[in-house]
Number of protein chains: 2
Amino acid sequence: MAAVDLTTHPGHLARRLQQAHYLLWNTMVSEEITSPQFAVLNALVAEPGLDQRTVGERVGLDRSTIAEVISRLGRRGLLDKVRDPQDGRRFLLRLTDEGVRTHRKLTVRTARMNQVFLAPLSADEQTLFFDLIRRVSDAAEGLRNPVEPLAVRS
Amino acid sequence: MAAVDLTTHPGHLARRLQQAHYLLWNTMVSEEITSPQFAVLNALVAEPGLDQRTVGERVGLDRSTIAEVISRLGRRGLLDKVRDPQDGRRFLLRLTDEGVRTHRKLTVRTARMNQVFLAPLSADEQTLFFDLIRRVSDAAEGLRNPVEPLAVRS
DNA sequence: AGTAATTAGTCAGGGCACTGATTATTTCAG
DNA sequence: CTGAAATAATCAGTGCCCTGACTAATTACT
C-alpha cells in the first residue's frame with residue numbers, strides 16, 4: 001500500500017545511470033581499464049607528478065579507494081610511484097609510456113562511447129543534463145564539507 | 001596535453017552523483033539500511049511474495065547482487081525466504097512485520113532526503129532531471145538487450 | 001518416458017566505495 | 001629542541017556490482 005515510485009528517486013536513478021554506463025563502457029571502451037582508472041590516467045596526463053591524495057581529490061575518490069585503483073594501475077605497469085624526496089609521507093605518481101599510450105587509445109574510444117550514450121538527447125538537452133547533474137552533485141558535496149565557520153582568531 | 005575534461009563525461013558525472021547521494025543517505029536516512037536494500041523492501045511492499053529474480057528485475061540488480069542484498073535483509077530479520085512449493089527452483093520473499101515497519105520509517109526519511117538533494121533545482125528542472133536521466137538509462141538498457149531479431153522459424 | 005534446453009539460485013573472483021583505526025612523517029608551539 | 005597536532009598512506013571491515021562457471025529443478029521435444 002505504502003510503496004513508493006522509485007523512478008522519482010534521484011538515488012535510484014543515479015544508480016541505474018551508472019549501471020547503464022558501466023555496461024556500455026565494458027563493451028565499447030575496455031574490459032581491462034575501468035572508468036575510474038581512466039579518470040586517474042587522465043588526471044596524471046594533465047598534471048604529472050601529483051601525489052596520491054591530490055589525484056583522488058581531482059577525480060573524486062577517497063583515500064582508500066584511490067590507493068586500490070593506483071595499485072592496480074601500477075601492477076599493470078601504467079604508472080610509477082616514487083617517494084617524494086621533499087616530503088617522505090607522499091608518493092609522487094607519473095604515467096609510464098605504456099600509461100600514456102593507453103590513455104590516448106581510450107580517449108578516442110571514450111568519446112565514441114559518450115556519443116552513443118548521449119544519443120537519446122539533443123545537443124541542448126545534453127548541456128542541460130550535465131548542468132543539472134553537476135549542480136545537484138556540487139550542492140550535496142557542499143553539504144558534506146560545511147564551510148569552515150570562519151574561526152575567530154582570538 | 002591530451003587530457004580530457006571529465007565534467008562533460010556522463011559516466012564520471014553519474015559516479016559523482018551517486019557518491020553524493022550515498023553520503024546524504026548515510027547522514028539523513030540510515031547507516032544500517034542502504035538505498036538498494038530500501039529498494040528491495042519497497043518492491044516487496046508493492047508485491048509481496050515475489051521471487052528473488054523478479055525482485056532483482058524490479059529494482060535493477062543482477063542475480064548475484066540481489067542474492068547478497070536479500071541475504072543481508074534476511075540476516076537482519078526484515079524478510080522471509082521460502083521455497084516455492086509450485087516451483088522448487090524459486091524462493092518466495094515476504095517482508096516480516098519488522099521489515100514493514102522499517103520500510104515505513106525509511107519512506108518518510110527518504111522523502112525528506114530527496115527534497116534536500118534536489119533543492120538546488122526548481123520544480124521544472126527536477127522533472128527534467130528525472131526525464132533526461134531516465135531516457136539515457138533506458139536507451140542504454142535497450143542497447144544491452146537487443147530486440148530479439150524476430151527469429152524466422154524455418 | 002527420457003533426454004535436452006531453460007531457468008533460479010549459488011559461488012568464486014575482480015573492482016569500486018566508504019568508515020574507523022593505525023603507522024610514519026612533517027609541522028607547529030612552547 | 002621537544003612534545004603535540006596535522007597529514008599521507010595503509011589496513012581491516014562492510015556493502016554494492018558485474019561476469020562466468022556451476023548445481024538443481026522444471027519444461028519442452030521427441
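Residue numbering restarts at 1 for every chain, and letters A, B, ... go by the order of the sequence lines.
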Return the residues of residues 30-42 of chain B meeting this criterion: a heavy atom under 4.0 Å from some atom of DNA chain D. Order them by number, or give none. Thr34(B), Pro36(B), Gln37(B)

Which pair of heavy atoms, one from Leu106(A) and one from Ser30(A), lies closest together, and at what distance? CD2-CB, 4.2 Å

Using the salt bridge (charged side-chain N to carboxylate O under 4.0 Å, His left out) criterion, which residues pair with Arg89(A)? Sequence neighbours excluded. Asp87(A)

Answer yes or no: does a side-chain N or O of Arg63(A) lie under 4.0 Å from OP1 or OP2 of dA9(D)? no

Ranking dT10(C), dC18(C), dG15(D) by distance to the side chain of Asp62(A), first place goes to dC18(C)

Looking just at side-chain N and O atoms, do Thr8(B) and Asp5(B) make a donor-acceptor pair shorter than 3.5 Å? no

In terms of the angle between their ring planes, are Trp25(A) and Phe38(A) parallel, tilted or perpendicular, with boundaries placed at 30° and 60°? tilted

Quick check: on DNA chain D, is the nucleotide nearest Ala67(A) upstream (toward 5') of the one nearest Asn26(A), or the reverse? Name the residue that is more 5'. Ala67(A)

Asp51(B) near the nucleic acid: base, sugar-phosphate alone, or nothing, with a heavy-atom cut-off under 4.0 Å? sugar-phosphate

Checking contacts here: which listed nucleotide (dA17(C), dA9(D), dG15(D)) is nearest the side-chain heavy atoms of Arg53(A)? dA9(D)

Within residues 78-93 of chain B, find the residues that approach DNA chain C with a heavy atom at under 4.0 Å, and present them sorted by residue number. Lys81(B), Arg89(B), Arg90(B), Phe91(B)

Using a strict 4.0 Å threshold on nitrogen-to-oxygen distance, state whether Asp131(B) and Arg135(B) make a salt bridge. yes

Between Arg76(B) and Glu98(B) (salt bridge meaning N to carboxylate O under 4.0 Å), is one present in this structure? no

Do Asp124(A) and Thr127(A) meet the criterion of a side-chain donor-acceptor pair at a distance under 3.5 Å? no

Can you say whether a donor on the side chain of Ser64(A) sits under 3.5 Å from an acceptor on the base of dT19(C), or the other way round? yes

